[in-house]
Amino acid sequence: MSNTPLSPLILVDGSSYLFRAYHVPYLQALSTADGQPTGAITGVLNMIRSLKKDYPNGNIVVVFDAKGKTFRNDMYPEYKANRPPMPDDLRTQIAPLHEIIVAMGLPLLVIEGVEADDVIGTLAHQATQAGIETVISTGDKDMAQLVNEHVRLINTMTNVEMDVAGVIEKFGIRPDQIIDYLALMGDKVDNIPGVEKCGPKTAVKWLLEHENLDNVIANADKVKGKIGENLRNALEQLPLSYQLATIKLDVELEQSVEQLQPKDPNKAKLTELYKQFELRRLLADLQSGEQPAKEASANDDEDANVVIAPENVDYQIVYTQEQFNHWLELLNKAESFAFDTETTSLDYMKAELVGLSFAIEPGKAAYVPLGHDYQDAPQQLAIDWVLAQLKPLLESTKIAKIGQNLKYDANVLSHYDIKMQGIAFDTMLESYCLNSVATRHNMDALAEKYLDYKTVHFEDIAGKGAKQITFNQIDIDKAGHYAAEDADITLRLHQAIYPKLEKLSGQHSVYREIEMPLLPVLARMEQHGVLIDVDLLAEQSQSIGARLQELEVEAHNIAGQSFNLSSPKQLQKILFEELKIPVIKKTPKGAPSTAEEVLQELALDYPLPKVILENRGLSKLKSTYTDKLPLMVSEKTGRVHTSYQQAVAATGRLSSTDPNLQNIPIRSEEGRKIRHAFIAPTDHKIVAIDYSQIELRIMAHLSDDPGLLAAFSQGKDVHQATAAEIFGVELEQVSSDQRRSAKAINFGLIYGMSAFGLAKQLGIARNQAQQYMDKYFERYPSIHGYMEETRQKATEQGYVETLFGRRLYLPEIKSKNAMRRKGAERAAINAPMQGTAADIIKKAMLAVDQWITEQNDKRIKMIMQVHDELIFEIHQDIVEQVTEQLVEIMNSAVELNVPLIAEAGIGDNWEQAH
DNA sequence: CGGGAGACGTA
DNA sequence: GTACGTCTCCCGC
C-alpha cells in the first residue's frame, strides 16, 4: 500500500455500518457455534475488505463512536434521548471488532466526548488542507455536508458514490446548504427539533428561494399558511438545531492526518481472532496470503458488495404444496421479487419449462422443479397446478418483477398462457444503460463486475459441447442450487446496479422510458414472427446452386487446377503466387487481401477475380439465406422468429440473431429476390415504413447548422443541395457524379471520416478530397464546430451522449496508440447520431405499439425492425388508412429542429413494399 | 469441437 | 470511416 501524499484518505464510519449490518436479516443469523453473534462484525469487515479492493491505494482509517455523552448532550440534554439502549447482541460485537481492526493494522479512532462524524469531519478537513483527497465511507446522509471538491462519500453497502454534483442531484441543494436543510427538517430519531411538518421538499424549496437558513429565518413572516406558522414557532429553536446538525471540524486529535498510517497486520493475532469468531472466509484469505486487491478478484469466489458466504445462503427446493404455498404467500406480500425460468433450450420457441426460481431478499431463494425427467428423479409438483397458482402473481402489474433478460422468460411463459406483466427491472438492461461497453451483459459477467462474485456456470452443471445435457436432465439438487442462485444473484445485481443508474438522470430515463417499455414490445414482435415463402427460397437455392457449379468449373479452368473457391487462403495462393497477380491490399494480419474491392479492381485486368466475385456473392446468398431461412421456420407457428438483442450494440441499436433479419440483401439484383420470400398471410399486405435520411437529419439537429437545417425544411434532396454548395453550381446543374461525391461526404461525416477515407471512397487524390471537405465545412460551419466539440467533449469526459441521454463510454479515447485513439474519435462522432437514431426509432416503436394496442385490432401487427425501418403486416381492408396513421405516428415520434420524414411502401412481400 | 480470420450481408 | 451477425475455412486442442 502506497503512503505517498497522493494516496486518498478513506474514512470509514464504523458506527454507521455497525448498526446497518446489525439490521441486515441474513447477517443477523450469523453466530459462532457457542452462540456469540458475529453478523455485525462480518458486515463491517466485509465492507472494509470491499473498500480495500475499490481503493487499492487508499489509506484507510476507521472511526467509531465512543461510549458515553458528547458535547451535543451538553448543548441539548434531550439529544438522542429517544434512542433505545444498544442491544446486548450488538454490544458484544464491538470490542472484538475493534480488536480485529487493530490487528489488521488499520488506524482506529474512538474519541470520547464527540461522535464519529466529528472525528471524520475533522480528518477530512485536515486532509483537504494537506492536499489529500478524501473518501468518506458511510451510510449516513448527514455527512453530505462534508462533501466538497476534495471530499466525496461512498456508500459501500450500495456502492453509490456522491461528489458535489451527486449531492446536488440527490438533495437538490449544495453540500454547504445541507446543515441548513437538516436544521429545518429536524431529526426524529436523534430528537433534534426542526420545523413541524417541514420535510425534504419544503426545506429544499425554502433553501432554493433564500439560499441559507439565516435568510429563511429573516423571511419567515412572508411564509403563508400552517407551515409558515410552524416555521415562526420554530424560530427560536432553529439556531440550536443548526448547531446540533453541524459536524465539528476542529476536534483535538493526538495524531495528525499524515500520522495515521497503516501498520503491518498482526497475522498471529488475526488468525486467533478469526478462529475464535469463526470467520472462515477471512481466515482462508489470510492463510492463502490473498489480499483483496486487484489480483485477488479473479480468484475471489465471493461477493464483496454484500457478502454472503455460500454456507450462509438459504436456497430451498420446493417439493410440496405446503412449501410452495409458503413461498407464494411471501411473493404475494412482496413489493418486488427476482425470478428466473429454467428451460430445455435457449431458443425461446423451443424451450420447455423445467423449473422456476424466486428470490425476495439477498441470500434467500427458492427453486421449484417442475420438469426434471431423468431416471429416478424425485416426484415434483405438477406444472399445471404451479403455473395456475403463479399466474395472477406473474400477470400482476402491482408486483414488480426483477429479472435478467426478462424478454426470454416472458416469451417462454407466453407458451404456458401466462402474459407477464409488472416487468419492472431487467438487470441486463440496467447494466447496458449504465455502461454499454464495460462488460458483456450476461449474468456471469455482471456478477463478477458488480458483486465480485463468481456464479455457478451453466457448463459447470450441464457439461459443454456435444456432451452438454439439458436442464431437465440435471440432478435437482445441483439444478436447484444453480437456479436459486440465479434468482438470488439477479436480485443482488439489481440492488447493486440500479442505485448507480438512478443517479444518472439521462441514462436512467433511457432505461425507464425507452428500454424497459420496449422489452414487451420486442417480445410480442418475436413471438408473432415473420412469414416466409419456403418454396420460393428452395427454387432460388436450386438455381443459385446450378450457377455456382458452372462458376466453379470455370474458375478451376482459369486457374489450371482445382481449389476451394470459398477458401481465402487457397485463393491467395492461386492469385498471388501461381498467377503472379500483384497484391493491392493486405488484410489486418498482413496476408494479401482477396476482399471484394480488391477483386473488383483486379477484374479489370484478369479473368479469375470476376468469377470469384460472382461465386462469393451467390454462395453467401445461398448458405446464409436461401438454404438457411427455411430451416429456421418454427414447427409450432410456421413462421420465422428472430431474437432482438437489446443489450449488445454499443450505440443503442438493436441487433437481430437466429436468424439475423436485419441484413437481408437489398443492394444486388439477385439478393433482392430473397425479399420476395418475406410475404404477408392471406388477405394481408406487407407495409415497410422507413425514416428518410434520419442520421443526416439528426446531424443537422445536433449541430444546428443553418444551411443543412434549411435544406431539410425546404424538402430538398439533401445530397443534391450539398453538391450545389460544394461545387458552387445551381441546384439543377448538379451532375450525378457531383451528387455521388456529396453523398459520400455526407455519409463519411456521420462515420467520422478523414480526407484520406473520402479519397479512397471516391477514388480521387487526397488533396482533392481535402478540398471538398474544406469547402463543405466552409458552407456548413456549424457541422465543423459540432464535430470538433464532440471530439473535445469525448476526450474530456470519456463519453458521448445521444439526444436522449444515452451514454457511450470511449475508454480508448485517451489511448497512447494513435490508431486506437483515432478509432475512438470516429466512434465518438458516429455514436450520437447512430444512437439518437436508435433512440428515435425505439420511441416510435413504443408509440406505434401503444396505438396498435389501443386499436385492439388483430389485423395490425408490427413484425420487424431494421434500424431505420419498421415492417408491418396489415389486413388489406384497412391497409391504406392504417399505413397513413403509422406514418404520422412515426413522423411525430420526437420533435426535432428538422422535419422527421417516414416513407411507406405497401406490397404482397417485402421487396414490393419498398 | 471451439474459436480466430477473412469475407460479406444490412443500416 | 460507424454499428452489427453469420458464413466457411482451418488451426489447435
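Treat the numbers as computed from the prediction; the structure is a model and nothing was measured. Letters go in sequence order (proteins before strands), and every chain restarts at 1.
- The distance from atom CD1 of A/I584 to atom P of B/dA7 is 13 Å, rounded to the nearest whole Å.
- A/I664 comes within 4.0 angstrom of the backbone, heavy atoms only, and of no base.
- Atoms CG (A/L565) and C1' (B/dC8) sit 16 Å apart, rounded to a whole Å.
- A/F747 places its CZ atom 16 Å from the P atom of C/dG1, with the value rounded to the nearest Å.
- Counting only heavy atoms from C-beta on, A/T651 has its side chain closest to C/dA3 among B/dA11, C/dA3, C/dC11.
- Residue A/A838 is classed as having no contact, given no heavy-atom separation below 4.0 Å to the nucleic acid.
- Residue A/K464 is classed as having no contact, given no heavy-atom separation below 4.0 Å to the nucleic acid.
- Taking the centre of each ring, A/Y772 and A/F727 come in below the 6.0 Å mark.
- Just one residue in the list A/E526, A/Q645, A/Q646 forms a side chain to side chain donor-acceptor pair (under 3.5 Å) with A/K407, and that residue is A/E526.
- Using a 4.0 Å heavy-atom distance criterion, A/L749 is classed as making no nucleic acid contact.
- Between the side chain of A/N660 and the base of C/dG5, no donor-acceptor pair of N or O atoms lies under 3.5 Å.
- For A/Y776 and A/Y780, the gap between ring centers is short of 6.0 Å.
- A/R667 comes within 4.0 angstrom of a base, heavy atoms only.
- Set against B/dT10, C/dT6, B/dA7, the side chain of A/R675 has B/dT10 as its closest nucleotide.
- Counting only heavy atoms from C-beta on, A/K589 has its side chain closest to B/dA5 among C/dC10, B/dA5, B/dA11.
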Per-pair distances, 0.1 Å, donor-acceptor, side chain in residues 591-607 of chain A, under 3.5 Å, sequence neighbours excluded:
{"unit_1": "A/S593", "atom_1": "OG", "unit_2": "A/A595", "atom_2": "N", "d": "3.0"}
{"unit_1": "A/T594", "atom_1": "OG1", "unit_2": "A/R616", "atom_2": "NH2", "d": "2.7"}
{"unit_1": "A/E597", "atom_1": "OE2", "unit_2": "A/K585", "atom_2": "NZ", "d": "2.9"}

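- Between the NZ atom of A/K628 and the C1' atom of C/dT6 there is a distance of 8 Å, rounded to whole Å.
- Taking the six-membered ring for Trp, A/Y799 and A/Y809 have ring centres closer than 6.0 Å.
- Here the side chain of A/Q570 is nearest to one of C/dC4, C/dG1, C/dC10, namely C/dC10.
- Following rounding to the nearest Å, A/M819 (CE) and C/dG1 (P) show an atom-to-atom distance of 11 Å.
- Within 4.0 Å of A/E596, counting heavy atoms only, lie sugar-phosphate atoms of the nucleic acid but no base atom.
- Judged purely by distance below 3.5 Å, without hydrogens or angles, the side chains of A/Q865 and A/Q662 pair a donor atom with an acceptor atom.
- Distance CG (A/L618) to C1' (B/dA7): 15 Å, rounded to an integer number of Å.
- Ranking C/dG1, C/dT2, C/dT6 by closeness to the A/A827 side chain, first place goes to C/dT2.
- Checked by distance alone, A/K620 brings a side-chain donor or acceptor within 3.5 Å of a matching partner on the base of C/dT6.
- Backbone-only engagement by A/A466 is indicated by non-hydrogen atom pairs under 4.0 Å involving sugar-phosphate atoms exclusively.
- Candidate nucleotides B/dC1, B/dA11, C/dG1 were compared by shortest atom distance to the side chain of A/D868, and B/dA11 ranks first.
- With hydrogens and angles left out, the side chain of A/R826 and the base of C/dA3 share no donor-acceptor pair within 3.5 Å.
- If you check C/dC7, C/dC4, B/dA11 against the side chain of A/T624, the one that comes closest is C/dC7.
- Looking at heavy-atom distances under 4.0 Å, A/K760 makes contact with sugar-phosphate atoms alone, never a base.
- Distance, A/H867 NE2 to C/dT2 P: 16 Å, rounded to whole Å.
- Backbone-only engagement by A/S656 is indicated by non-hydrogen atom pairs under 4.0 Å involving sugar-phosphate atoms exclusively.
- When heavy atoms are screened at a 4.0 angstrom cut-off, A/G465 is found touching the sugar-phosphate backbone but no base atom.
- Here C/dG1 is the nucleotide among C/dG1, C/dA3, B/dG9 with the atom lying nearest to any side-chain atom of A/Q761.
- Contacts of A/F756 with the nucleic acid, taken as non-hydrogen atoms under 4.0 Å apart, involve only primed sugar atoms and P, OP1 or OP2.
- Taking a cutoff of 4.0 Å between a charged side-chain nitrogen and a carboxylate oxygen, A/R653 and A/E695 qualify as a salt bridge.
- Checked against B/dA11, C/dG1, B/dA7, the side chain of A/M753 finds its nearest nucleotide in C/dG1.
- Heavy atoms of A/D690 sit nowhere under 4.0 angstrom from any nucleic acid atom.
- What separates CD of A/E869 from P of B/dA11 is a distance of 7 Å, to the nearest Å.
- Considering only the side chain of A/A595, B/dA7 comes nearest among B/dA7, C/dC9, C/dG5.
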